[in-house]
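One structure below.
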Number of protein chains: 2
Amino acid sequence: MAVTTTAQVAPFPKSGHDHARCRDWMIKRAESLCLDQGLRFTPQRREVLEILSTAHQCLGAYDILERMGHRDRRPPPAAVYRSLDFLMELNLVHRMTSRNAFFACTRAEHAAPIQFWICRHCGVVGESESTLITDEVARLAGELAFRPETINVEIEGACQTCRTP
Amino acid sequence: MAVTTTAQVAPFPKSGHDHARCRDWMIKRAESLCLDQGLRFTPQRREVLEILSTAHQCLGAYDILERMGHRDRRPPPAAVYRSLDFLMELNLVHRMTSRNAFFACTRAEHAAPIQFWICRHCGVVGESESTLITDEVARLAGELAFRPETINVEIEGACQTCRTP
DNA sequence: CAAGAAATTGATATAATATATCGTTCGGTA
DNA sequence: TACCGAACGATATATTATATCAATTTCTTG
């Protein structure tokens, strides 16, 4: 019998994973989203998304900054934060609060709030989408008479590649 | 029939809640823990725990700092962080990563990792302990071949008192 | 008790992360 | 072209956190 699960798991990138393809896919998605919503996908915003989606890790704002422009003509910190805010608004980028870092979301859409898995060793980020967890949060919220606005589930540990067998 | 639940919920403090009593209880618990483990519950560490457990909210490190000592004779930032590290090691204090803030844990012991509920308006913090959630995280970890080390579940929103009815 | 070791604290500096403000430029539109 | 609003650049500063090393306190042992 098949294993039933409430979660759709977005696996971590495989070792042969092609970051360039992944990046192109993200860019296309961003372009289409912006077109639909009448928003501007400027070169700066594009550059931030390219950097994040190529890295396939979470990066600090200043890590992103270092990779922007060339040695000369580097934008100020606020520019990165502005682009990150824009991309987060579109759910293309998420913030990893436990690290003050950011990463490109690899899921096309979020049917529900998701869970983030981050490897302490290589920094790679995976995502899962467990309705069981979100349902339980909703139930608990009822008990507590609490109205949830953002749900943040971050699991840090060792990914398959990095944990010693 | 009784409602069955997998979660033991530590409710938010009631409106008539006596912070002083709560604080005294926390201090006693800290004293007893330190005695057992041969650790030193110094005046500085005590002061940090008193401030946090009286507030019953999460506070930033520098908020705590402002309430320490008197106007003169205020310790340097590192002192607060050292005390916080000590208290977190004992699970008496937790860090709210989404806010870079700290709060005193009101639960006697954690049988399992817990969930934090924080009100955006008044900053009050509640805790729940849902084994359903932690079990599901464990199951997902298996699917992902991921070894979890820390699990961080933070729900931000509006508490019963603050949400407009 | 004295001397040495270890833990804690104080003092100073600085790193890392994030935001505020305001003038300029860019893109679209009347 | 002239205007308007969004985006960006430039500058300054706020907020959060850590590094380093000396001084002090506490504990342990002789």
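Chain naming here is simple, since letters A, B, ... match the order of the sequence lines and numbering starts at 1 in each. Quick caveat, the model's predicted, so the values are computed rather than measured.
- Checking the phosphate oxygens (OP1, OP2) of dT9(C), a side-chain nitrogen or oxygen of Thr42(B) falls inside 4.0 Å.
- In this structure, a donor-acceptor pair under 3.5 Å is present between the side chains of Ser128(B) and Gln115(B).
- Ring centers of Phe102(A) and His94(A): at least 6.0 Å apart, outside the cut-off.
- In this structure, the ring of Phe41(A) has its center no less than 6.0 angstrom from the ring center of Phe86(A).
- Checking each of Arg40(B), Arg46(B), Arg45(B) against Glu31(B) for a salt bridge (Lys or Arg N to Asp or Glu O under 4.0 Å) leaves exactly one that passes, namely Arg46(B).
- Taking atom CZ on Phe86(B) and atom C1' on dA6(C), their separation rounds to 15 Å, with Å as the unit.
- Whole-Å rounding puts the Leu65(B) CG to dA11(C) C1' distance at 14 Å.
- For Glu154(B), there are no salt bridge (Lys or Arg N to Asp or Glu O under 4.0 Å) partners, not counting sequence neighbours.
- In this structure, CZ of Arg74(A) is placed 18 Å from C1' of dT11(D), rounded to the nearest angstrom.
- In this structure, Glu89(A) places its CD atom where only 12 or fewer heavy-atom neighbours from other residues, nucleotides or ligands lie under 6.0 Å away.
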Assign a letter to each nucleotide of nucleotides 13-30 of chain C from its 5' end: B, base within under 4.0 Å of a protein heavy atom; S, sugar-phosphate only; -, no contact. ----BBBB------S---

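- Rounded to whole angstrom, the span from the CD atom of Glu89(A) across to the P atom of dA7(D) amounts to 12 Å.
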